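Notes for the one structure printed next.
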Amino acid sequence: MNTGNVKDRILGVVLCGGKSSRMGSNKSLLPHSDGGRFIDHAIDQLQAVCAEVCIAGAANEKPVDLNHVFLHDNVAFQGPITGIISALQYASDNNFAACLVTPVDMPCLTHVHLTTLKSVWTANRVLTCAIDETNRLQPLIACYPIATLPLLKQLALSDDRSLYRWIATQPHQTVLIPSDAARNVNAPDDL
């Protein structure tokens, strides 16, 4: 894949830093209905639209058999913001313009949805976030420009680390995706 110039380079990031306590096991290793595991599906979808893909999360979430850069959360279990910050720092250090993030636990999210998100970001160069059919922001399906890194670092130090509420206060674009694509799997009953 042509990586293009720096202003167009987008790093794909799979977020898998949660405790998976409701699931009772590491969600990234769950079998996906299309074959492979949840982590494999998420990586495959991002690889279809990004020049490079990495994984951000807690050390206990790292599948040992993957050959992708793994970015450890600098503070474990403080929410997805820590993974996004780690990814943005890596992206900044490696001449990417933005990070396209997806969570590991959305098995119906596809490269078609991610391609649309990337296209809107490329056209507007502003934080671009998915919304589902109920009009709910999906901050874990988003394209975060490098310029958001200092703002997210500030947010991470605050008492309210809600990406949902933070995005609502920032200039951003939205991309509509089907609600079933934004459905995450948290517990065995969700499978």
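Both backbone and side-chain heavy atoms feed into the values below; hydrogens, waters and symmetry mates do not. Treat the numbers as computed from the prediction; the structure is a model and nothing was measured. By convention here, the first residue in the shown sequence is residue 1.
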* Asked: Would Val14 and Ile39 count as a side chain to side chain contact (heavy atoms under 4.5 Å, CB included) if you check the C-alpha gap in whole Å, the side-chain angles of each, and the deciding distance to 0.1 Å?
  -> CA-CA 8 Å; Val14 180; Ile39 188 74; 3.7 Å; yes
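- Val126 and Ile146 are not part of a single hydrophobic cluster, where members link through side-chain heavy atoms under 4.5 Å apart.
- Under the 3.5 Å distance criterion, the side-chain polar atoms of Thr128 are left unmatched by any main-chain donor or acceptor of Ala142.
- When all heavy atoms of Ala42 and Val104 are compared, the pair lying nearest together is CB-CA, 4.5 Å.
- When atom types are taken as modelled, the side chain of Asn94 and the backbone of Ala91 share no donor-acceptor pair closer than 3.5 angstrom.
- Between Arg183 and Asp180 there is no salt bridge, since no side-chain N of the basic residue sits under 4.0 Å from a carboxylate O of the acidic one.
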* For Asp93 and Gln89, what are the C-alpha separation, side-chain angles and deciding distance, and is it a side chain to side chain contact (heavy atoms under 4.5 Å, CB included)? -> CA-CA 6 Å; Asp93 293 345; Gln89 188 63 61; 3.1 Å; yes
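- Panel note: side chain His172, backbone Leu127; no donor-acceptor pair is recorded below 3.5 Å.
- Side chain of His41 to main chain of Phe38: no donor-acceptor pair is present (N/O by atom type, distance under 3.5 Å, no hydrogens or angles).
- Taking the six-membered ring wherever Trp is involved, the centroid distance between the rings of His68 and Phe70 does not fall below 6.0 Å.
- Of the N and O atoms on the side chains of Asp160 and Ser158, not one donor lies less than 3.5 Å from an acceptor on the other residue.
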* From CA spacing to verdict: side chain to side chain contact (heavy atoms under 4.5 Å, CB included), Ile84, Leu152 -> CA-CA 8 Å; Ile84 294 169; Leu152 289 171; 3.8 Å; yes
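- Of the inter-residue distances, the one linking Gln154 atom CD with Trp166 atom CH2 reads 10.0 Å to the nearest 0.5 angstrom.
- With rounding to the nearest 0.5 angstrom, the OG1 atom of Thr174 is 14.5 Å from the CZ atom of Arg136.
- To the nearest 0.5 Å, atoms CD (Gln47) and CG (Leu114) are separated by 12.0 Å.
- To the nearest 0.5 angstrom, Leu155 atom CG is 6.5 Å from Leu163 atom CG.
- Using modelled atom types, no side-chain atom of Ser92 and backbone atom of Leu88 make a donor-acceptor pair closer than 3.5 Å.
- Side chain of Arg161 to backbone of Thr82: no donor-acceptor contact under 3.5 angstrom is found.
- Across all non-hydrogen atoms, the minimal contact from Ala98 to Pro145 is CB-CA, 3.8 Å.
- Side-chain atoms of Lys118 come within 3.5 Å of backbone atoms of Val49 as a donor-acceptor pair (strictly under, hydrogens ignored).
- To the nearest 0.5 Å, atoms CD1 (Ile55) and CD1 (Ile43) are separated by 4.0 Å.
- In this structure, the separation between CH2 on Trp121 and CD1 on Ile10 is 5.0 Å, given to the nearest 0.5 Å.
- Formation of a donor-acceptor pair under 3.5 Å by the Gln45 side chain with backbone atoms of Thr110 is not found in this model.
- Distance alone, capped at 3.5 Å, places no donor-acceptor pair between the Thr148 side chain and the Leu151 backbone.
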